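This report concerns only the one structure given below.
Quantities reported herein were computed from a predicted structural model and do not represent experimental measurements. Numbering of ligands and ligand atoms starts at 1, following listing order. Excluded from the calculations below are hydrogen atoms, water molecules and symmetry mates; all remaining heavy atoms, backbone and side chain alike, are included. Residue numbers run from 1 in the order of the sequence given.
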Amino acid sequence: MQDLKVLTKQEVEGLDAPKISENFFHSDIQKKVYIESYGCQMNFADSEIVTSILLENGFGTTSSLQDADAILLNTCAIRDNAEQKIRNRLKSFNSLKKNKPELTVGVLGCMAERLKVKLIEEEKIVDLVAGPDSYRDLPRLMGEIESGNKAINVFLSKEETYGNIEPVRLHSNGVTAFVSIMRGCNNMCSFCVVPFTRGRERSRDLYSILQECKNLIQNGFKEVTLLGQNVDSYHWINPETNLVVTFANLLEQVALISPELRVRFSTSHPKDITDEVLVTMSKYENICKNIHLPAQSGNNRILELMNRTYTREWYLDRVDAIRRILGEDCGISHDLIAGFCTETEEEHKDTLSLMDKVKYDFGYMFSYSERPGTPAEKKLTDDIPEEVKKRRLAEIIDLQRKHSGFRNQMQIGKIQKVLVEGNSKKSKDQHFGKNDSGKVVVFDKKNEKVGDYVMVKIINCSTGTLFGELV
Ligand code: SAM
Ligand code: SF4
């Protein structure tokens with residue numbers, strides 16, 4: 001059982017949080033940096049850490065490519081097409097570099113870690129390569145380039161968590177923010193490059209997480225999403241007391257900061273999500289009832305080949321536990337891969353039948369892309385033809401659309417608490433926000449402001465959006 005020292009409300013309130021962006025307007029700016037982020041939420045969160053490190057060291061930021069002295073791409077390597085996209089983007093900088101030869105082009109993140117020096121050899125425009133654990137070294141690497149060298153650091157750390165760095169909220173609407181709680185991954189799903197590009201799993205100091213969340217609420221933010229590749233295996237040992245802090249403990253501590261602060265998290269691994277986490281979620285109104293639970297496949301043989309370490313039955317038991325403890329309205333989303341090595345038509349149908357059983361609210365769906373160096377690339381054959389992968393993926397997407405529509409229909413007539421995030425895409429007379437289960441809700445404006453909580457009656461829906469009216 002847990003043996004956490006539970007912080008009192010006064011202790012949490014007493015955490016002394018610095019203000020965001022204190023160094024945003026640095027007086028002695030050396031170079032203006034333009035940062036572009038690709039891939040998962042973790043990368044977007046990392047770019048905010050990179051910005052913080054650069055600003056602390058006298059660099060400035062710009063949102064204009066033309067104004068930039070340095071362009072940094074924070075990259076993803078999860079599928080081949082993610083890497084191709086980066087290579088094309090790099091090509092598009094050729095004319096800029098021709099006009100401004102002193103322009104620095106850097107590649108950060110998972111693609112940098114995967115390809116290392118090869119990236120500099122293959123993409124001549126690249127001056128700087130920095131893996132996900134080397135961002136504190138960026139000012140030195142930028143200095144190397146000033147002296148006319150190419151610069152690279154792809155050292156993977158067992159400790160780096162960037163715990164004491166206050167991210168600069170680049171991608172922010174001022175209401176919702178990502179907070180990294182851990183880095184790396186110790187699972188070895190056979191298809192996945194992440195353990196090789198992000199290194200061993202390590203959990204961030206509880207108190208630095210609480211401090212960051214407290215700081216966010218002081219700056220007007222209303223929602224945090226706690227991020228990790230596998231949040232359920234969060235495990236931090238307090239060096240002063242030797243007491244272990246689990247994810248359930250952490251979740252509770254964040255929820256206690258303020259009832260006004262909504263808490264979400266991602267990603268949960270089906271093998272690790274415990275009833276303790278679900279019960280903690282049920283105890284606090286401000287922990288959103290929304291779980292991202294990647295399945296990858298609905299067939300046991302494929303799950304074993306993927307080294308997911310759970311079965312279809314185990315997965316369905318976890319879904320039952322979610323519905324039992326958190327109720328039918330809890331949002332559940334998935335990741336699924338179509339056409340993994342040797343997958344038969346029957347096995348693909350097991351994935352469709354898993355979807356039918358769960359009726360997910362939402363999902364991220366991919367066709368399998370073999371990644372060099374992964375266990376699947378070494379031991380299995382990527383033998384499903386591209387057109388079969390595409391067709392299976394289309395079937396999965398079609399079914400998901402149906403289920404999203406079904407789940408959205410279930411919300412009609414209900415009154416839901418929505419956190420207002422901004423103007424709707426289609427009309428400035430409408431606001432949009434999210435309900436507890438993570439669904440987008442659009443409604444006509446009255447007097448509410450961005451960042452307010454409002455009650456909305458759901459009156460209609462599409463497969464992707466709920467439409468409502470303020471009550
Ligand atoms: N840590 C999370 C988990 O365990 O589910 C997911 C991390 S990964 C960044 C996001 C998703 O990308 C995975 O859940 C998987 O569906 C997909 N993915 C990873 N490797 C892939 C590959 N080689 N081909 C296709 N999809 C892949
Ligand atoms: Fe990749 Fe599996 Fe780790 Fe997720 S849990 S990051 S899919 S190895």
Side-chain angles (χ1 to χ4, degrees), residues 37-46 74-85 109-111 113-114 132 156 178 180-203 225-234 247 265-273 291-298 302-310 314-315 318 332-341 343 351 354-355 360 362-384 386 389-390 392-393 396-397 400:
S37 311
Y38 294 81
C40 64
Q41 295 164 335
M42 206 88 186
N43 258 9
F44 283 76
D46 275 5
N74 194 356
T75 61
C76 170
I78 201 87
R79 282 168 293 278
D80 183 56
N81 58 9
E83 290 197 1
Q84 290 316 321
K85 204 162 152 187
C110 289
M111 191 174 166
E113 191 63 48
R114 194 181 84 70
L156 279 179
F178 295 130
S180 293
I181 62 163
M182 57 206 295
R183 300 183 71 81
C185 182
N186 283 355
N187 297 315
M188 283 297 271
C189 300
S190 63
F191 51 80
C192 186
V193 81
V194 169
F196 307 96
T197 59
R198 290 194 159 259
R200 305 294 291 167
E201 181 183 288
R202 56 232 112 105
S203 297
T225 302
L226 307 178
L227 288 182
Q229 292 299 345
N230 181 5
V231 289
D232 301 279
S233 64
Y234 177 86
F247 181 59
F265 56 88
S266 184
T267 297
S268 299
H269 195 298
K271 80 174 159 58
D272 294 317
I273 188 164
I291 297 179
H292 185 56
L293 197 67
Q296 315 299 1
S297 167
I302 295 295
L303 285 170
E304 198 173 339
L305 284 180
M306 288 175 161
N307 194 31
R308 286 293 287 182
T309 70
Y310 54 81
W314 172 278
Y315 185 94
R318 293 294 74 210
I332 305 182
S333 54
H334 65 76
D335 291 350
L336 284 168
I337 298 180
F340 187 63
C341 309
E343 183 189 65
T351 294
L354 180 85
M355 294 175 75
Y360 295 98
F362 181 75
Y364 296 97
M365 298 150 281
F366 313 100
S367 67
Y368 174 58
S369 164
E370 185 176 80
R371 306 309 291 132
T374 55
E377 188 258 347
K378 288 185 183 153
K379 296 195 196 111
L380 303 170
T381 316
D382 179 17
D383 56 355
I384 308 299
E386 275 313 308
K389 285 184 187 172
K390 261 199 197 140
R392 288 181 188 169
L393 178 62
I396 290 173
I397 293 172
Q400 184 50 51

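Here 1 is the count of protein N, O or S atoms positioned under 2.8 Å from atom 1 (Fe) of ligand 2, waters not counted.
Of all atoms in ligand 2, listed by their number and element, those nearer than 4.0 Å to a heavy atom of H269 are 5 (S). Short contacts between ligand 1 and S369, defined as distances under 4.0 Å to a heavy atom of the residue, involve ligand atoms 22 (C), 23 (N), 24 (N), 25 (C). Atoms of ligand 1 found under 4.0 Å from any heavy atom of Q296 (numbered from 1 in listed order, with element): 5 (O), 13 (C), 14 (O), 15 (C), 16 (O).
The closest donor-acceptor contact from the side chain of D382 to the backbone of S369 lies at 3.5 Å or more, if one exists at all. Judged purely by atom type and a 3.5 angstrom limit, R198 has no side-chain atom pairing as donor or acceptor with the backbone of P132. Side chain of S190 to backbone of L305: a donor-acceptor contact under 3.5 angstrom is found. Put simply, the side chain of S297 never gets that close to the backbone of I302: no donor and acceptor are under 3.5 Å apart. Distance alone, capped at 3.5 Å, places no donor-acceptor pair between the E370 side chain and the A376 backbone.
With a 4.0 Å cut-off on non-hydrogen atoms, I78 touches ligand 1 through its backbone as well as its side chain. Neither the backbone nor the side chain of C40 has a heavy atom within less than 4.0 Å of ligand 1.
Checking only distances, E370 never comes within under 3.5 Å of ligand 1, N or O to N or O. Considering backbone and side-chain N/O atoms, Y368 never comes within less than 3.5 Å of an N/O atom of ligand 1. Checked against a 3.5 angstrom limit, the closest N/O atoms of R371 and ligand 1 fall outside it. Close N/O approach between F191 and ligand 1 is found [any backbone or side-chain N/O within under 3.5 Å]. Inclusion of Q229 in the set of residues having an N or O under 3.5 Å from an N or O of ligand 1 is warranted.
Contact annotation: the side chain of F247 never approaches that of S203 to less than 4.5 Å [non-hydrogen atoms, C-beta and beyond].
The two atoms that bring C192 and I78 nearest to each other are SG-CD1, 4.1 Å, heavy atoms only. Listed here is the closest heavy atom pair of E201 and N186: N-OD1, 2.9 Å. Listed here is the closest heavy atom pair of I384 and K389: O-CE, 3.4 Å.
Remark: among candidates M42, M306, R308, the nearest residue to atom 7 (S) of ligand 2 is R308, based on non-hydrogen atoms. Ranked by closest heavy atom to atom 3 (C) of ligand 1, the top entry among R308, M306, R198 is R308. Comparing R79, H334, K389, H269 by heavy-atom distance to atom 27 (C) of ligand 1, the nearest is R79.
With sequence neighbours excluded, no residue satisfies ring pair (Phe, Tyr, Trp, His ring centres under 6.0 Å) with F366. For R79, the salt bridge (charged side-chain N to carboxylate O under 4.0 Å, His left out) criterion is met by no residue, not counting sequence neighbours. Remark: F191 pairs with no residue by the ring pair (Phe, Tyr, Trp, His ring centres under 6.0 Å) rule, at least two apart or across chains.
The shortest contact between atom 11 (C) of ligand 1 and any protein heavy atom is with D335 OD2, 3.3 Å.
Under a 4.0 Å heavy-atom criterion, S367 is in contact with ligand 1. Within the 4.0 Å heavy-atom cutoff, N230 does not count among the residues contacting ligand 1.
Between Y315 and Y310, the ring planes are tilted. Angles from 30° to 60° get that label.
Within a 6.0 Å radius of NZ in K85, no more than 12 heavy atoms belonging to other residues, nucleotides or ligands are found.
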